Amino acid sequence: MFISISTTGTAERPATDLGFLLHKHPGKVQRFPTSHGEAHVFYPEATDEVCTAALLLDIDPVALVRRGMGKGRGGSPDFALAQYVNDRPYAASSLLAVALRTVFRTAMKGVCENRPGLADETRPLRIVLPAVPANGPGEGGGAAMVARIFEPLGWQVEAEPIPLDEAFPEWGESRYLRVGLSGTLRLADALQQLYVLLPVLDGAKHYWVAPDEVDKLLAAGEGWLADHPERALIAGRYLARRWSLTRTAMQRLELARLAEADDREAEEFDNAVDDSGETVDATGPALGGPADSRPVEAGVASGSGPEPDAPAAPKAPSLAEQRRAAILEALREVGAARVADLGCGQGELIAALLKDARITEVIGVDVSSRALATAARKLRLDRMSERQAARVSLVQGALTYTDARLKGYDAAVLSEVIEHLDLPRLPALEQAVLGVARPSAVVVTTPNVEYNVRWESLPAGHVRHADHRFEWDRAQFRAWAERAAAAYGYTVVVRPVGPYEPEVGAPTQLALFRLGTPATEAASAPPGASAAATASPAATGSSSATASATTPEGGDTR
């Protein structure tokens with residue numbers, strides 16, 4: 001196997017700087033042992049104007065077979081001849097990718113201690129691979145595949161088919177290509193891309209693909225793979241088409257892409273599930289729950305309870321249960337059959353929706369792959385009947401970006417979601433949901449900050465969970481709902497959820513948006529509800545919407 005890397009330069013910026021970048025002296029021929037043979041590095045030319053480094057990997061086919069004896073096909077006598085007579089010693093494959101990483105490990109990291117800053121500079125590069133397999137049954141192999149995976153990275157691609165035998169052109173072309181790549185980029189980036197894409201072109205790996213290959217793929221693909229239009233093809237072929245590993249890789253790539261687009265760390269997005277596997281907003285301050293999380297009843301001393309001989313009172317529904325009941329009632333009211341649960345978390349609301357025979361389809365969307373995996377496990381998607389499984393799907397996505405998958409639904413639910421967004425990002429969510437997805441109805445719930453004084457365990461001035469960017473009072477929420485409804489052609493009704501007190505309202509507030517439907521519910525709405533007919537200024541937060549480092553027991557389950 002052979003690969004050459006060339007660059008050009010001037011007297012002020014000599015091409016021989018390639019030697020510093022590769023950590024291999026242009027005046028020497030060096031040899032390196034690898035697990036499948038010997039790698040030789042040499043420089044066919046090295047001047048200030050042009051410098052070429054070549055890597056020749058001399059594969060020992062007998063040793064290669066012996067290393068694989070007893071493992072999979074290598075241990076089958078039916079494949080004995082195929083193991084000795086094949087293209088592995090000659091055509092670029094995963095073996096060459098491993099050799100690149102072995103010989104140029106420091107260069108791939110972008111480290112050049114002798115010339116600080118040199119590794120960060122882009123250079124004109126020319127890479128030649130004399131023989132490359134480009135297999136793609138059902139995937140459009142050949143020169144087209146080479147172009148599909150290299151051109152989006154900024155490479156100019158030359159891919160010429162190699163004839164089976166030049167003396168007999170009538171025999172046609174082989175499945176191998178001579179590939180030339182030209183581009184201007186950092187050498188470290190070029191080497192990382194080759195490390196990933198050589199096995200992709202080959203469509204096979206000559207070693208066992210373990211789960212840690214996902215980490216290798218993401219590490220080498222950092223900065224370019226998440227935005228690559230063929231990332232699904234690349235992940236699948238790099239991971240030898242092992243669907244479970246490919247699915248994990250794609251979820252992590254999507255998370256990286258969304259985080260980069262929002263200029264945040266991936267860990268900040270994937271925080272819906274903590275290390276113990278619990279949802280961030282796990283249980284919500286329960287109504288009728290533990291004494292230190294119950295609201296103080298009017299006229300009842302804190303900590304008081306029934307007399308010892310009194311019969312136990314029936315357990316009151318938690319706030320989370322009351323919230324889900326209110327959402328389901330709103331969906332029944334608008335006659336929704338196809339529902340999108342946006343910010344679905346661990347799928348508690350989805351489970352409730354699936355119990356309603358009138359709901360024919362549910363899509364759960366969350367930015368956290370960990371939350372989606374937990375939701376799939378709790379919903380037992382793998383054990384559902386085919387008919388039931390057809391009603392539900394879970395997808396990864398950020399709600400502040402438009403998503404064509406969310407169009408066409410009867411209703412969308414944002415249950416305890418908006419308070420997790422920074423206020424400047426809220427208009428983007430409005431545009432994505434109300435402006436582009438545009439369901440017939442939208443249900444939004446969020447905490448009522450006025451009610452926080454009723455939580456004994458919540459210090460004054462704190463919000464209910466540290467991840468809440470804000471919590472609105474009733475006037476602020478109503479103002480936001482009315483403005484958003486007017487801006488996108490909806491009407492809105494605001495309702496309380498949970499026990500209502502005139503002084504502080506209810507613990508949760510719900511807004512039901514209806515597309516182009518007159519608001520007629522004001523007269524019959526519960527106390528504290530409001531039907532909006534006119535727009536109001538946008539709510540922008542207040543001193544009551546403050547950051548919190550202390551959380552009451554639990555959070556707010558969706």
Side-chain angles (χ1 to χ4, degrees), residues 279 281-307 310-333 348-349 352 413-419 443-465 468 470-478 480-481 492-512 521-531 544-545 548 551-558:
T279 305
D281 297 326
T283 55
L287 301 182
D292 61 354
S293 64
R294 286 198 301 265
V296 178
E297 299 290 340
V300 179
S302 174
S304 64
E307 296 295 330
K315 183 179 180 180
S318 69
L319 178 57
E321 293 169 332
Q322 294 186 52
R323 182 163 48 240
R324 285 194 290 272
I327 292 170
L328 293 172
E329 178 59 33
L331 294 175
R332 284 192 288 268
E333 184 179 326
E348 289 88 350
L349 178 60
V413 178
L414 291 158
S415 178
E416 310 302 292
V417 169
I418 62 172
E419 65 272 12
V443 181
V444 179
T445 70
T446 193
N448 169 23
V449 73
E450 296 174 75
Y451 200 87
N452 287 357
V453 297
R454 294 295 187 256
W455 306 122
E456 289 184 303
S457 60
L458 182 63
H462 287 252
V463 292
R464 298 183 193 178
H465 194 278
H468 288 188
F470 63 88
E471 287 181 359
W472 278 331
D473 59 30
R474 288 171 288 176
Q476 289 173 314
F477 181 60
R478 187 177 302 114
W480 168 79
V492 65
V493 173
V494 179
R495 303 170 178 171
V497 177
Y500 180 83
E501 299 181 26
E503 298 82 3
V504 296
T508 295
Q509 40 197 347
L510 179 150
L512 173 57
E521 305 182 32
S524 59
S530 169
S544 61
S548 171
T551 306
E553 186 170 314
D556 43 4
T557 300
R558 297 169 190 150

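Below, all heavy atoms of this structure are taken into account, side chains as well, without hydrogens, waters or symmetry copies. All figures in this text were calculated on a predicted structure; none of them were measured in a lab.
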| Donor-acceptor pair, Thr445 side chain versus Glu416 backbone, under 3.5 Å? | yes

| To the nearest 0.5 Å, what is the distance between CG (Leu512) and CD1 (Ile327)? | 11.0 Å

| said: Could you walk me through whether Gln509 and Thr446 satisfy the side chain to side chain contact (heavy atoms under 4.5 Å, CB included) test, starting with their C-alpha distance in whole Å, then the side-chain angles of each, then the deciding distance to 0.1 Å, before giving a yes or no? | reply: CA-CA 6 Å; Gln509 40 197 347; Thr446 193; 3.8 Å; yes

| field | Check: Thr508/Arg323 side-chain N/O donor and acceptor closer than 3.5 Å | value | yes

| field | Distance-minimising heavy-atom pair for Ala506 and Gly498 | value | CB-O, 3.8 Å

| said: With a 4.0 Å cut-off on N to O distance, would you call Arg332 and Glu329 a salt bridge? | reply: yes

| query | Between Trp480 and Val494, is any pair of side-chain heavy atoms under 4.5 Å apart? | reply | no

| Between atom CG of Asp473 and atom CD of Glu450, what is the distance when rounded to the nearest 0.5 Å? | 5.0 Å

| request: Just do the side chain to side chain contact (heavy atoms under 4.5 Å, CB included) check on Tyr451 and Glu501 with the steps written out, would you? | output: CA-CA 9 Å; Tyr451 200 87; Glu501 299 181 26; 3.9 Å; yes

| remark: Taken to the nearest 0.5 Å, the spacing of Phe477 CZ from Glu419 CD works out to 9.5 Å

| task | For Ala511 and Ala481, work out which heavy atoms get closest and say how close. | result | CB-CB, 4.2 Å

| query | When rounded to the nearest 0.5 angstrom, what distance separates CG in Leu328 from CD in Glu333? | reply | 12.5 Å

| said: In the structure I gave you, are the side-chain heavy atoms of Pro499 and Gln322 within less than 4.5 Å of one another anywhere? | reply: yes

| At their closest point, which heavy atom of Arg464 faces which heavy atom of Asn448, and how far apart are they? | NH2-O, 3.0 Å

| said: Measuring only between side-chain heavy atoms, which start at C-beta, is Val444 closer than 4.5 Å to Val492? | reply: no

